[in-house]
Structure formats: C-alpha cells, structure tokens
Amino acid sequence: MALRFYNTLSQQVEEFHPLESNIVRMYTCGPTVYNYAHIGNLRTFTFEDVLRRWLRYRGYRLDHVMNITDVEDKIIRNAMAQGKSLQEYTAVYEEAFFEDMAKLRLERPERIVRATEHISDMVAAVERLSEKSYTYQSDGSTYFRIAKFPDYGKLSHTDFSGIRAGARVDVDEYDKADARDFVLWKARKENEPAWETSLGSGRPGWHIECSVMSMKYLGETLDIHAGGVDLIFPHHENEIAQSESLTGKQFVRYWLHAEHLLVESQKMAKSLGNIYTLGELMEQGYQPEAIRYLLASVPYRKKLNFTFDGLKSAATSIERLRNFNTRLETENFPEGVGAGGDERAARALNEFENGMDDDLNTAAALAAVFEYIRDTNSTMDAGGFRKGDVASAQDVMQRFDSVFDVLHPGEQAGGIPDAEIEALIEERIQAKKSRNFARADQIRAGLVERGIVLEDTKEGTRWKRK
RNA sequence: GGCGCGGUAGCCAAGUGGUAAGGCAGAGGUCUGCAAAACCUUUAUUCGCGGGUUCGAUUCCCGCCCGCGCCUCCA
C-alpha cells in the first residue's frame, strides 16, 4: 500500500503524493532558543527525524527547512535581565540544541534558518499584506485582521463565529480590533532590542517568521508542515492566514502534528519538577539511543507516557536488537543457504514497510522486526541458518536501522581499553582450561563491574560494552 | 462550555466485524562448569462501563465514567 499520513487539515489519513513527483518540500517548527530543550520537545523532533528518514527510505529527495526562533518575548526578557545581546543569549541554547540533536542522532535538515536573519523579508511580507489591506495599526504595532480571512479556523476546526468582534482580550498591552487578530509587527517597548524598519521600531510577531521563511525557501505551497499539536492553534492557523492571504494559494498540503508526551502519567510542569532535558537523563546513566528508541517507538499521534521503567525497557529492547545483529556478524554459520531464509527476510521487510507506510506506525514496524529476530534466532539454534542467509538478514537489520538508528552504540568516553579487555579474556580462557573457575568467574565479574559483559559462544568468547 | 485525542495483560503498545501482534518485566524449562546470549512453555475467555445493531463486536451506533490536550505566542 502507498505511504499515508494523517492530515490535520482533513482529519483523515490520506495517501501522500508530493507536488513534484520525487522531491518533498517540508518545513518543521524548530526550537525557540530561550532554554534547553526538554524531553517533550525532543519527542517532536524525533518524530520529524523518523518522518525524514522514512521519506528518504521511500526514495524521495528532501528539502527540509527548520527554523530557529531567536527573537521572542522570553528571549528578550531573559537577555535583558542578563545584560546580554539577543545573539549572546540565544547562542548558548542553539548550540545545546544541536548537541542534543547529534546525541539523539537527529538528522540535520537541509536548511536551518533563523528569524533574526530574515527581518527584512518579514517586513516586506507585512507590507504586502498591508497593501492588500489585511492589516491595521494600533499603538505602533501592526495586526492581521482575521475578519478578512474567511477560512480562519480550517486547520483547528474551530468555529469562531461566536466570538464577539471588538472583544479586547489583551487589554493591558495592545489594542486589537478583534480577539482573534494577532500581531505581525510589535512596537518596541522602552529599551527593548528592536529593528528600525519601515514598519516602525520594533520586532516581528511570532507567526510571520514561519510563513516567510518557509515560502522563501520552499515556494508558496509546501508539501509537509509538521510540529507539535499545541501549535495547531494559533500558530499554524495564523501561518495559514498570513500565507494564503499573501499568495492566494494553498499554503500546506499535509499538516502533521505530533502528540505531547506525559511524564509518569502526568503532564510536564515546572511545579511537578518533571521536565527533563537530554543532559539530565544522560547524567542518570541512560543512553541517548535508548531515549531515541523510546521516543520513536510510540506512534507519533499517540500520547507518549515517558517513564523510567519505559526507558529501562527501551534499553533492554535495544540490547536484543544489537545481540541479534552481533550474532549475524560474528557467528560462524554452516556453508550453503537455508530453507526459507530469504522468504522470512522478505516477509519481515514487507511488514516493516507496511507499518511505516501506515502513518509511521513505528510500533507495528518494530513488531515485524522482533518477530523476524525470534524466528531467525530459532532457526539459527536449530542449525537451519546458513552463511548464504546472512546477507538478507543483514539487509533487514540495516533497513530497520536506517530509520531507527539504534543498532550501533555511540562513542563512550573513558572505559577500559580494548587491549586490556582482550588480555583479561585470554587469561580467563587459560583459567577455564585449567578448570580454575574461581579465577575465571572473578575476571568476568570484575569486567561486569566495569561495564563489560562476556559471552562464551561456540566461536569463543565475545564481549560487549553495556 | 466548544473542539480534539485516548482508555487493550504488571508496564509500554499494535490491531481487525469472526474470535487478542510485538517489547519489557515475572514464572518454569533447554543449553552452559557457572553465567551471558538464544530458544521453548507460561502470563488478557478478554479489550473503561451500560445498552443497541449483527449469526457474531475489542473493532459499528447511542449513552455514561475516567484521563489528557488546545481555546492567543507552550513541542
């Protein structure tokens, strides 16, 4: 079956076909760099990484743009409080974000664009909206007039007809004609950092950066736009209003939104102290691959209940996958080709692909891989797996790993040098030969304490870091 | 209140109008000097609750209960 995605716009699962046959133009809302990313943010970014990888697996070329929001209320407030420039303040968090991405093995989008580097583009867009009379000014700020955009609410499926025009929600700060109206350009307040432009002294509103930067690089109609569910309203709704008012064309064809994650069945909140960063989890000894696996293994449209039990079980699951992969690489299988090996591999791959094609159903895709591993281990134990079966089995695992990317352990700082491990293993083999099991067990236990696990196999002793 | 998502074994989780994938954890076993790894057996007569449609519903419809999200700048 064809690749399908749930489109927030239609509220239905739709077959995916990009505008141009083999290239996908995609925009994802990146981080606001006012703080370190938390595990919830990383869930969304991990989903987007899986999406990227699956599109490429399916043969599409990608042009993926991700923005960095580096000017915004909290950034301005915090930077001013610390006596720093915006750039000085945001650089720290932007850098940290890229480090997190690397640790979680999130591929880098083709383009990463910053709001502050597109101020003039945004000003130009606001001016064009003004020319088309979609805007009005109030107290030096420029607003988008929702009443001029009848489709407003089509993404969030909200009926705004009940909201009274003239209601003033944000009374203490700005005057808006309509509660739904949103700011395109914010007038400078006191001595805030600001840009001197034809719109006055100030800074861009939040929504305009995504409309402007996405269309600048990807054209007026994007194939995919993704983000967290909380962005559906108002952010993405407002992006649609701005973009479609500007171009008269459909802005985005497929809107994909990742559900939030809960921590130990509770929502993340500062007051609960359950907002974790990648760094904090790694300090507690969890591998980034396990975190990646946990975040990727629950289908993106389902709330993910992040628990430490779940994280531990993710780590164990990865062990199982890696053990199988190691077995393929190291075991000395009999010559020849076993019965049904290629068929098993082909079936597993087919089920894996079907799962992923079905709106990135990673749980179903993983099930296919695990089922295959059990069947194949079983065949190996029975002696029915031969040298000639290795290639198709490795192909399954490689394809799986091209999306999940958890098979190969990352670099581990420190630890015992390989040579020392090998020497101890040799000593243990000699001890075993002379039936000095006490010494053999002592060596093995000593290595376990240092994170090295030994396995005695037919081919001899192999070891792995845990 | 409006809109949306969800409630499947101890935990995570897939799924279909025809009788419950997969992972983790637990129990027993095989293998092993002992382990590790692997394999086998076992763990939901049952899918929030109550009705309805149907030969048959976890899957469709209605009602209810519970959890969560959005409803102006939070992924």
Side-chain angles (χ1 to χ4, degrees), chain A residues 8 11 28-32 37-48 69 72-74 153 156-160 162-163 169-170 176 179-183 186 205-207 226-235 237-238 257-262 265-269 293-294 297-299 301-307 309-321 323-324 326-327 331 351 355 358 361-382 432 435 437-438 440-441 444-445 448 453-457 461-464 466:
Chain A
T8 306
Q11 297 181 294
T28 57
C29 287
T32 299
H38 60 246
I39 192 71
N41 298 319
L42 297 175
R43 197 257 169 124
T44 298
F45 296 123
T46 303
F47 145 65
E48 288 158 0
T69 298
E72 172 266 357
D73 285 353
K74 286 188 285 290
S156 55
H157 304 97
T158 309
D159 178 6
F160 289 95
I163 294 184
V169 177
D170 211 4
K176 294 196 282 190
R180 304 169 299 170
D181 292 346
F182 58 91
V183 69
K186 269 190 178 180
W206 176 36
H207 314 293
V229 282
D230 57 307
L231 296 183
I232 295 171
F233 187 87
H235 184 53
E237 198 74 74
N238 291 351
H257 292 98
E259 250 299 347
H260 277 5
L261 82 68
L262 305 172
S265 301
Q266 294 184 295
K267 62 179 162 184
M268 285 191 306
Y293 180 93
L294 179 60
S297 62
V298 176
R301 283 202 296 129
K302 178 151 180 139
K303 284 182 189 67
L304 191 160
N305 188 15
F306 180 89
T307 65
D309 275 354
L311 192 47
K312 286 176 195 130
S313 102
T316 315
S317 299
I318 292 177
E319 278 302 300
R320 181 166 168 76
L321 295 160
N323 286 338
F324 178 73
T326 303
R327 196 172 183 188
E331 200 160 309
E351 284 171 22
D358 181 15
N361 187 340
T362 49
L366 277 170
V369 173
F370 279 107
E371 224 164 332
Y372 173 71
I373 288 177
R374 188 183 8 82
D375 279 0
T376 306
N377 269 323
S378 185
T379 307
M380 287 172 173
D381 288 355
K432 276 173 65 177
R435 303 195 67 77
F437 295 121
D441 290 352
R444 186 172 61 197
V448 164
V453 179
L454 300 189
E455 294 176 12
D456 296 332
T457 73
T461 300
R462 68 183 177 214
W463 61 273
K464 64 185 179 191
K466 191 152 186 168

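In the text below, chain A, chain B and the rest are named by the order of the sequence lines, each starting its count at 1. Everything numeric in this text was worked out from a predicted model, so none of it was measured.
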Look up atom [atom1] in [X] and atom [atom2] in [Y], then write down how far apart they are to the nearest 0.5 Å.
X	Y	atom1	atom2	result
F306(A)	L261(A)	CZ	CG	7.5 Å
I373(A)	L366(A)	CD1	CG	9.5 Å
D381(A)	R327(A)	CG	CZ	4.5 Å

Paired with [N]: which nucleotide, if any, by Watson-Crick or G-U wobble criteria at under 3.5 Å for both distances?
N	answer
U58(B)	none
C73(B)	none
U45(B)	none
G4(B)	C68(B)
C24(B)	G10(B)
C31(B)	none

Counting distance alone, no hydrogens or angles: does the base of A35(B) have a donor or acceptor under 3.5 Å from a partner atom on the side chain of R444(A)?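 Per atom types, the contact qualifies.
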Check: C68(B) base within 3.5 Å donor-acceptor of K267(A) side chain: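 Flag unset: no donor-acceptor pair detected.
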Listed nucleotide nearest any side-chain atom of [X], set [options]:
X	options	result
D441(A)	C3(B), C34(B), C70(B)	C34(B)
P234(A)	G33(B), A75(B), C74(B)	C74(B)
E72(A)	C34(B), A14(B), C74(B)	C74(B)
R462(A)	A37(B), A75(B), C73(B)	A37(B)
K303(A)	G33(B), G69(B), C71(B)	G69(B)
D456(A)	A35(B), A14(B), C73(B)	A35(B)
F437(A)	A14(B), G33(B), G22(B)	G33(B)
F370(A)	A13(B), G22(B), A38(B)	G22(B)
W206(A)	A75(B), C73(B), A25(B)	C73(B)
N377(A)	G33(B), G7(B), A38(B)	A38(B)

Considering every strand and a 4.0 Å limit on heavy-atom distances, what is the contact class for [X]: base, sugar-phosphate, or nothing?
X	value
L231(A)	sugar-phosphate
P299(A)	sugar-phosphate
F182(A)	nothing
Q11(A)	sugar-phosphate
G310(A)	nothing
S156(A)	sugar-phosphate

Which residue lies toward the 5' end of RNA chain B, N361(A) or L261(A), if each is placed at its nearest nucleotide?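 Comparing both residues, the 5'-ward one is N361(A).
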First encountered from the 5' end of RNA chain B, between S317(A) and F324(A):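 Result: S317(A).
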Under 4.0 Å: is that the gap between some side-chain N or O of [X] and OP1 or OP2 of [N]?
X	N	answer
N305(A)	C12(B)	yes
R374(A)	G22(B)	yes
R320(A)	A38(B)	yes
K312(A)	C12(B)	no
K464(A)	A36(B)	no
N323(A)	A38(B)	yes

Rounded off to whole Å, could you give me the [atom1]-to-[atom2] distance for the [X] and [N] pair?
X	N	atom1	atom2	answer
E259(A)	C74(B)	CD	P	18 Å
E455(A)	A37(B)	CD	P	7 Å
H257(A)	G4(B)	NE2	C1'	12 Å
D309(A)	A25(B)	CG	P	11 Å

Quick check: closest heavy atoms across N361(A) and P299(A), and the distance to 0.1 Å?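 N361(A) and P299(A) have their closest heavy atoms at OD1-CG, 3.8 Å.
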Is there a stack between H260(A) and G69(B), judged by ring centres under 5.5 Å and planes under 30°?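 It does not: the two rings, one from H260(A) and one from G69(B), miss the stacking criterion.
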Sub-3.5 Å donor-acceptor pair from the side chain of S378(A) to the main-chain atoms of R374(A), do we have one?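 Side chain of S378(A) to backbone of R374(A): no pair is present.
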